[in-house]
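A note on names: the letters A, B, ... follow the listed sequences, proteins ahead of strands, and every chain is numbered from 1. Just so it is clear, the values below take in all heavy atoms, side chains as well, and ignore hydrogens, waters and symmetry mates. All values derive from a computational prediction rather than experimental measurement.
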Number of protein chains: 2
Amino acid sequence: MSKKTQKRDAEASKQLIITYAKSLFSEKGYAQASMDELAQRCGLNKAMVFYYFKNKKGLYEAVMREVLIEIQQAITEENKTHSKPIDELEGFIRTYARYACEHPYLPALLLKELSDSGAVFPEMLFTSMRQLFALFTDILKRGEAKGCFHDAVPMILYFMVIGTLNLLVTTKPLRLKAAALEDIDLDTCAECDIEEIADYIIAKIKQMLKEPQ
Amino acid sequence: MSKKTQKRDAEASKQLIITYAKSLFSEKGYAQASMDELAQRCGLNKAMVFYYFKNKKGLYEAVMREVLIEIQQAITEENKTHSKPIDELEGFIRTYARYACEHPYLPALLLKELSDSGAVFPEMLFTSMRQLFALFTDILKRGEAKGCFHDAVPMILYFMVIGTLNLLVTTKPLRLKAAALEDIDLDTCAECDIEEIADYIIAKIKQMLKEPQ
DNA sequence: CCTTACTAATTAACCGGTTAGTTAATTATA
DNA sequence: TATAATTAACTAACCGGTTAATTAGTAAGG
């Protein structure tokens, strides 16, 4: 009997719950995500959620772990393919941009968490974000030591990069709506794709790191 | 009988509710803000909230209106004191930074709303944000016309400014915590004051708008 | 190959607590 | 006294979480 025709598959059910929880939490946020609705979306009984994840917080933890490990691995792996700080910086930004665009629950979850100062589940998010920030800082510091970067304040630059990208991803529907209005002529980058955006941010961050005249 | 000794004052009660609602919504977010708790903080009966604002959404609308009108007026007024685009840009950023720092409920509410794509109360937030963005765009366009700015993409720059400032304000407690850890040596700008941060962002935005070599 | 016994996965029904919102009565003020 | 402000008590719905019972898969024993 192959696994596919099994009516009961713990691992599959567990993954199903995480998959739907990922989108539910990113749509509604922690508090507004209902376990009843989640079970309905999964086509499973609500008790299964608590059977596998103990409680709502436990599920949220599992979701965040998966999301953050994914992005962290993607960036760390990509980083190994470069040797010059300037290429590393470009790779960092581009990888984050692509990942955030392909997995839009990441920016949504991150912004919600950060606007709460990590009210729901701080420790792991905190550690993971801190490691990403440590890598970013390291790239800038090495660049400064080699003389190719100047006047870098890693914390502010880090937020410039991920803050901008997160907002551009989450506000896409809003920006499309704004572009459709015709009372004021505004360019909301509604049609820009993520590569163009990443290119612009990379160019501007590089320009910011040039020697000030 | 002076108004101060009155036991009943509709306007005062209404304003009291908005004041406490402002901090409650920014602390807990829309869903987790309880009307019972709000009434308790105000020292009023819960029914008063519904008497004056009809329902929770109505109260939230009133709160957002006040918050957004405040920041919009602050920036618009300040803007009138300048004539050169470069000073206007600097004024815009500095005014937003100061206001966000003095009224930290603004960044918290804004980030929550934007990460939801305006799920709770879109229209007014949308209009207000759009007007601020229109002013920002206008400053950049006039600067480009005069030849003092180059290669500006207003939407991305706008998010760079307000995204970075919002994150720096809301993550202050998180950054203090991170700075206290000693396993990795990281500068999280935990002790930076808002003026230093604004100075840095202004300098870097100006550098980004210089002619690319 | 079939039965039995055990375990893991799944379900329906339920629980206490909390929530937004209502209502009818009461109090203060003009 | 008329009206606006205020209150206590209430409701209906929903929430996270539990429980006891049931079902499906699995491995051993005859």
**Report entry** Residues which pass side-chain contact (heavy atoms from CB on, under 4.5 Å) with A:K56, listed by chain and number, not counting sequence neighbours
**Finding:** A:F25, A:Y30, A:M35
Query raised in the report: What's the CE-P distance between A:M35 and D:dT18, to the nearest Å?
Result: 14 Å
Query - Short side-chain N/O contact to D:dA5 OP1/OP2 from B:Y51, under 4.0 Å - result: yes
Report task. Using a 4.0 Å heavy-atom cut-off across all strands, classify A:A33 as base, sugar-phosphate, or nothing. Result -> sugar-phosphate
Query raised in the report: With sugar-phosphate meaning primed atoms plus P, OP1 and OP2, does A:Y52 contact a base, only sugar-phosphate, or nothing at under 4.0 Å between heavy atoms?
Result: sugar-phosphate
Query raised in the report: What is the distance, rounded to the nearest whole Å, between atom CZ of A:F50 and atom P of D:dC15?
Result: 11 Å
Report summary line: Between CG of A:N55 and P of D:dT19 the distance, given in whole Å, is 14 Å
Requested in this report: With sequence neighbours left out, write down each residue that passes side-chain contact (heavy atoms from CB on, under 4.5 Å) with B:R98, or none if nothing qualifies.
Outcome: B:R94, B:E102, B:E195
Query raised in the report: Which pairs, with at least one residue in residues 157-166 of chain B and sequence neighbours excluded, count as a side chain to side chain donor-acceptor pair (under 3.5 Å)?
Result: B:Y96-B:N166
Requested in this report: Could you tell me whether the side chain of B:T171 and the main chain of B:L174 form a donor-acceptor pair under 3.5 Å?
Outcome: no
Query raised in the report: Which whole-number value in Å describes the distance from B:L38 CG to C:dT18 C1'?
Result: 16 Å
Requested in this report: Please check the phosphate of D:dT6 (OP1 and OP2 only) for any side-chain N or O of B:S13 closer than 4.0 Å.
Outcome: yes
Requested in this report: Check side-chain contact (heavy atoms from CB on, under 4.5 Å) between B:I86 and all other residues, then give those that pass, not counting sequence neighbours.
Outcome: B:K84, B:F149, B:K206
Requested in this report: Return the residues of residues 39-49 of chain A meeting this criterion: a heavy atom under 4.0 Å from some atom of DNA chain D. Order them by number, or give none.
Outcome: A:K46, A:A47
Query - Atom-to-atom span, CG of B:D36 to C1' of C:dA20 - whole angstrom - result: 8 Å
Query - Residues that B:P104 engages under side-chain contact (heavy atoms from CB on, under 4.5 Å), provided they are two or more places apart - result: B:V169
Query - salt bridge (Lys or Arg N to Asp or Glu O under 4.0 Å) between A:K80 and A:E88, intermediate numbers included - result: CA-CA 8 Å; A:K80 288 179 189 161; A:E88 291 180 63; over 6 Å; no
Report task. Give the rounded distance in Å between these two atoms: CD of A:Q32 and P of D:dC14. Result -> 14 Å
Report summary line: Here the distance between atom P of D:dC15 and atom OH of A:Y30, to the nearest Å, is 14 Å
Query - Spacing of B:E37 atom CD relative to C:dA20 atom C1', expressed in whole Å - result: 15 Å
